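Since this is a predicted model, take the numbers as computed values, not measurements. Counting convention: from 1, in listed order, for ligands and their atoms alike.
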Amino acid sequence: MAIENGLSVDVEDWFQVGAFERVIDRDDWPRLESRVERNTDAVLALFAEAGVSATFFTLGWVAERCPALMRRIVAAGHEVASHGVDHQRVFTMTAEQFRADLRRARAALEDASGTKVLGYRAPSFSIDTRTPWAHAVLAEEGYAYSSSVAPVRHDHYGWPEAPRFAFRPVADSDLIELPVTTARVGGRNLATGGGFFRLLPSAFTDWAVRQVNAQARPAIFYFHPWEIDPGQPRVPNAPLKSKLRHYSRLSAMADKLRKLAMRHRWGRIDAIAAREAARLG
Ligand SMILES: [Zn+2]
């Protein structure tokens with residue numbers, strides 16, 4: 001039987017991405033056209049068609065505004081987990097601000113979804129060497145797992161020296177960290193999810209999943225609802241590099257995802273975390 005891999009969606013709106021942080025003010029968010037609900041519904045339809053379950057790492061901001069969406073995610077058999085309140089990156093916070101952010105997001109997500117939140121993904125994989133306290137705070141707050149580390153070198157994020165597979169980041173705690181999947185090429189770790197999946201040929205992601213599975217490990221894959229939305233408003237004053245990354249190949253994404261969903265075995269991250277915890281002992 002093929003290995004079950006972790007499928008995840010970081011539920012945030014088109015204007016909440018890290019790349020636009022400097023050109024779109026948080027205060028303007030309520031005035032912008034929200035497309036996250038219909039885009040996430042489209043993701044739910046795609047997953048139903050492919051017959052896969054997944055984890056939806058959702059902003060507290062979205063849960064507060066779209067509670068019915070949270071219940072539809074749960075009703076379809078998926079997991080609701082936390083992506084923080086409003087996409088503040090962890091390395092911009094103090095440990096106590098991080099704790100407050102975790103609590104506020106969790107309350108919003110649990111209220112809206114009616115389920116217990118066990119997992120966390122840091123906005124823009126912002127747990128790295130700058131935040132040595134972050135996993136300890138997650139453990140103290142009772143999280144079972146985190147999927148917040150990208151063991152890559154990238155201009156916006158990354159912790160290249162971090163383990164590539166599940167590990168226990170805090171001594172005397174059961175907390176599991178499940179880093180996002182990287183491909184090992186020529187002694188370097190290459191990123192595979194999100195924009196990389198959208199921009200690179202799908203054969204690369206397929207190969208990366210098979211490479212990880214050949215080592216008897218689950219792949220951890222992620223993308224965003226805005227990535228399947230070619231009709232989203234354009235941000236004219238964003239840096240060119242951000243625009244190139246954000247808007248490229250949006251129209252091909254849904255089809256690419258459908259094929260990826262059908263080519264490998266996928267499941268919720270809480271299930272993967274429990275299996276990895278049992279393996280680590
Ligand atoms: Zn995000």
Review point. Is the distance between the Zn ion (ligand 1) and the nearest N/O/S atom of Asp10 smaller than 2.8 Å?
Key: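 False for Asp10.
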Point to revise | His224 near the Zn ion (ligand 1) via N/O/S, less than 2.8 Å | key: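 No, since none of the N, O or S atoms of His224 sits under 2.8 Å from the Zn ion (ligand 1).
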Review point. Taking the N/O/S atoms of Glu12 one by one, which is nearest to the Zn ion (ligand 1)?
Key: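 Among the N, O or S atoms of Glu12, the one closest to the Zn ion (ligand 1) is OE1.
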**Study point:** Backbone of Arg71 reached by a side-chain donor or acceptor of Ser113 within 3.5 Å
**Key:**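 Answer holds: no.
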Practice item. With the Zn ion (ligand 1) at the centre, find the angle made by NE2 from His87 and NE2 from His83, to 10°. Key: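 That angle works out to 100° after rounding to 10°.
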Point to revise | Asp41 with Arg38: basic N within carboxylate O range, under 4.0 Å | key: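 Here Asp41 does not pair with Arg38 in a salt bridge, since their nearest N and O are not under 4.0 Å apart.
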Point to revise | Axial cation check for Trp29 ring with Arg31, 6.0 Å and 45° limits | key: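 Not flagged: Arg31 not positioned over aromatic ring of Trp29.
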Review point. Does NZ or CZ of Arg198 fall inside the cone over Phe223's six-membered ring, less than 6.0 Å from its centre and within 45° of the axis?
Key: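 Arg198 over Phe223 ring: no.
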